[in-house]
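Below is one structure, written out as structure tokens, with a few remarks after it.
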Amino acid sequence: MPILVGLGARPRELGHIPLEGFVDLRKFAPFAGAAVLSVSVLAGCGGGGNDDNTAAGGSSDASCALAGAEDPGNSEAPSDVPTADKAPKLTKTSGLKVAFSQNASNNPWRLAETASMKDEAKKQGIQLTVTDANNDQSKQIADIKGLIAQKPDALFIAPITEQLANVVKDAGAAGIPVFLLDRAVDDSVAVPGQDFVTVIQSDFIQEGKRAAVQMATATGGNAKIIELEGTTGASPAIDRKKGFDDAIKECSGMQVVVSQDGDFTRAKGQSVAETLLQSHPEATAIYAHNDEMALGAIAAVKAIGKVPGKDIQVVSIDGEKDGLKAVAAGDLYATVECSPRFGPSAFQTMKDYASGKPVKTLIINSDQLFTKDNASDNVDKAY
Ligand code: AHR
């Protein structure tokens, strides 16, 4: 279950002037990068990668401050985040009928999120309607339009990409309080605290930075990396790429040699990795934006007779059960947690809003890191 550590609003591109009433999480990236560097310097690291696990052919690069650095952990909560004052109000506190537009049910993460929402609704005696967009953006737009027509008291949306902003705005214009879960939308179209109440999510840029430190440590700061991106246009894909790519600029021995969309699925992760491993035989590492793609990639590595964790180091994000098993087995070097258990925080935030308590326009979850030191102990608790 995520612990809420920070309150804010929606990520935007670096250098963009935030809209009034909006805090840009992406603007914190340079500070987080500096934090990573200072932690590593304090730790006296630089080329201190785990030699046992360093990918074959990769010697430690003493100039890479990320290698062997401590996990930078969760980002600091942005302090100047406004409250949702102009969004549609929710005055009902009992007999609530709410809806949840889920974007897909094609991986354990999505299934765990939906289960968490259903469990919490049941616990609280709230009627919950769930739709599944089947990883199809036009279906999710149609789903949300159908839900708007049903006039729910509140609407939770896990948007497939940032382009869902228009339909989010439509829901707000229909007077429905909207709560975004796990992914954000384009805030230049749908304004946080006005068109929707808030977005509850992990700090995806920080996840990318944390993954970069693990990758640097696994490879001693020398890596030719294949990057498997999440669904194009999805905020975690945009931010996990930014966090990781920015962080590895600290290390001249680490380069992303190719980066391609693996759609957050195991099957696509595997097929894309198969192709990229062939076209980039020099690759020594794979950074996958989620565990499912990493697991597909690990299968692809094995299929060409290479050994994950030895010839090719793999790092990813999520912390699902199979991911933790892969870490315990040594196939996956580490996975940065991104908890899907949104039910308790989603419904608590909705209740706070209904009772008139101030609700910030961005709520950031706190996540842990899974490595060989703690993966086995967490397998049973994982989804
Ligand atoms: O938005 C969160 C991401 O979406 C998770 O990392 C991934 O597994 C899911 O599909």
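Every heavy atom of this structure was used, including side-chain atoms; hydrogens, water molecules and symmetry mates were not. We count ligands from 1, going down the list as the structure has it; atoms in each ligand are counted the same way. What you are looking at is a predicted structure, and each value in this text was computed from that prediction instead of being measured.
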Discussion item. Just to check, does Asn107 reach to within less than 4.0 Å of ligand 1 when the distance is taken from its heavy atoms?
Written reply: yes
Practice prompt. Using a 4.0 Å heavy-atom cut-off, say whether Arg240 meets ligand 1 through its side chain, its backbone, both or neither.
Written response: side chain
Worksheet item: Would a line drawn from the ring center of Phe179 to the ring center of Phe342 be shorter than 6.0 Å?
Response: no
Worksheet item: Is there any N or O on Trp109 that sits under 3.5 Å from an N or O of ligand 1?
Response: no
Worksheet entry | Atom indices of ligand 1, in the order listed, that fall short of 4.0 Å to a heavy atom of Asp182 | 1 (O), 2 (C)
Worksheet entry | Protein contact of atom 5 (C) of ligand 1 - nearest heavy atom, named by residue and atom, plus distance | Asp318 OD1, 3.4 Å
Discussion item. If the cut-off is 4.0 Å to any non-hydrogen atom of Pro236, which atoms of ligand 1 fall inside it?
Written reply: 1 (O)
Item to complete: Using side-chain contact (heavy atoms from CB on, under 4.5 Å) as the criterion, point out the one residue from Ile364, Asp367, Asp239 that pairs with Asp203.
Response: Ile364
Worksheet item: Can you tell me the protein heavy atom closest to atom 3 (C) of ligand 1 and the distance?
Response: Arg110 NH2, 3.8 Å
Discussion item. Any donor-acceptor pair under 3.5 Å linking the side-chain atoms of Ser339 with those of Asn365?
Written reply: no
Discussion item. What's the separation between atom CZ in Phe264 and atom CG in Leu228, rounded to the nearest 0.5 Å?
Written reply: 11.0 Å
Discussion item. Can you confirm whether more than 12 heavy atoms, excluding those of Lys92, are under 6.0 Å from its NZ atom?
Written reply: yes
Worksheet, complete the sentence: Going by the 4.0 angstrom heavy-atom rule, the piece of Glu320 near ligand 1 is neither
Worksheet entry | Side-chain ion pair, Asp246 and Lys249, N-O less than 4.0 Å | yes
Discussion item. Within the structure, is a non-hydrogen atom of Met293 found at a distance of less than 4.0 Å from ligand 1?
Written reply: no
Worksheet entry | Ion pair Arg210/Glu207, N-O distance below 4.0 Å | no
